[in-house]
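What you see is a predicted model; the values in this text were computed from it and never measured.
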Amino acid sequence: DGGITQSPKYLFRKEGQNVTLSCEQNLNHDAMYWYRQDPGQGLRLIYYSQIVNDFQKGDIAEGYSVSREKKESFPLTVTSAQKNPTAFYLCASSIEGTGYTGELFFGEGSRLTVL
Amino acid sequence: ILNVEQSPQSLHVQEGDSTNFTCSFPSSNFYALHWYRWETAKSPEALFVMTLNGDEKKKGRISATLNTKEGYSYLYIKGSQPEDSATYLCAFITSGTYKYIFGTGTRLKVLA
């Protein structure tokens, strides 16, 4: 089945450690996104990529980094510079990027807890 | 700062009841509005993509309307069933930046 796979589902990290969340899609979509969810808040955009080897910062990019070396993969690294990394992270994709009105396709998310 | 508000935050209804939720968004720079259903432990799935003022969309017992001039969209569920229990998200897409701005969602629980 086509879709988006995020791993791991749950991750625990000690303070000061970097951690990478995986996001893979087999939908042949050009655009991919990373969102963060915190209690009582809407999904907030961390980074997005409209095409391979290109990505842009979203609204809350500080302390995060991404890469887009392959069309199907968009990993997110949560660095030790992220002050409050404990959150639920959702990856999404869409057929096209800017200007496209169509739906986003989401993974099931990764919950990161910093101990 | 663009803000998308959803109300109510949560509600419980009895099986068979009809219900509706509201998504309020800025009335300027409208490009599109999405509704998503997000069941626990699953991924959010798109219900509707709405782009024109006055749009009405329907999928089974669920329908949605759009008023871009006043900045709101309603989602209706007719004859709620336990499987409708989920969080319903709306996302507003702005012209210019084309970013998706999500509301906090309405959490629906349908009691059998």
Below 4.5 Å, heavy-atom pairs only: which of B:Pro44, B:Gly105, B:Ala46 has the largest tally toward chain A? B:Pro44
Please verify the inter-ring angle class for [X] with [Y]; under 30° counts as parallel, over 60° as perpendicular, anything in between as tilted.
X: B:Tyr74; Y: B:Tyr72; result: tilted
X: A:Phe55; Y: A:Tyr47; result: perpendicular
X: B:Trp35; Y: B:Phe21; result: tilted

Assess, by modelled atom type and distance only, whether the side chains of B:Ser43 and A:Glu108 contain a donor and an acceptor separated by less than 3.5 Å. no
Would you please say whether a donor-acceptor pair under 3.5 Å links the side chains of A:Tyr64 and A:Tyr89? yes
Within this structure, what is the OG1-CG distance for the pair B:Thr19 and B:Leu11, rounded to the nearest 0.5 Å? 4.5 Å
When rounded to the nearest 0.5 angstrom, what is the spacing between CD in A:Glu96 and CG in A:Asp30? 7.0 Å
Using heavy-atom distances under 4.5 Å, tell me whether B:Tyr36 contacts chain A through its side chain, its backbone, both, or neither. side chain
Turns out that what part of B:Ala41 lies under 4.5 Å from chain A's heavy atoms comes down to backbone
Is it the side chain or the backbone of [X] that comes within 4.5 Å of chain B heavy atoms, both, or neither?
X: A:Leu104; answer: both
X: A:Gln6; answer: neither
X: A:Tyr33; answer: side chain

In terms of heavy-atom pairs under 4.5 Å with chain B, which of A:Gly109, A:Ala92, A:Gly42 leads? A:Gly42
Applying a heavy-atom distance below 4.5 Å, give me the residues of residues 8-16 of chain A that approach chain B, sorted by number. none
Step-by-step side chain to side chain contact (heavy atoms under 4.5 Å, CB included) determination, B:Leu89 to B:His34: CA-CA 8 Å; B:Leu89 298 176; B:His34 293 187; over 6 Å; no
For residues A:Trp34 and A:Leu21, determine if any side-chain heavy atom of one lies less than 4.5 Å from a side-chain heavy atom of the other. yes
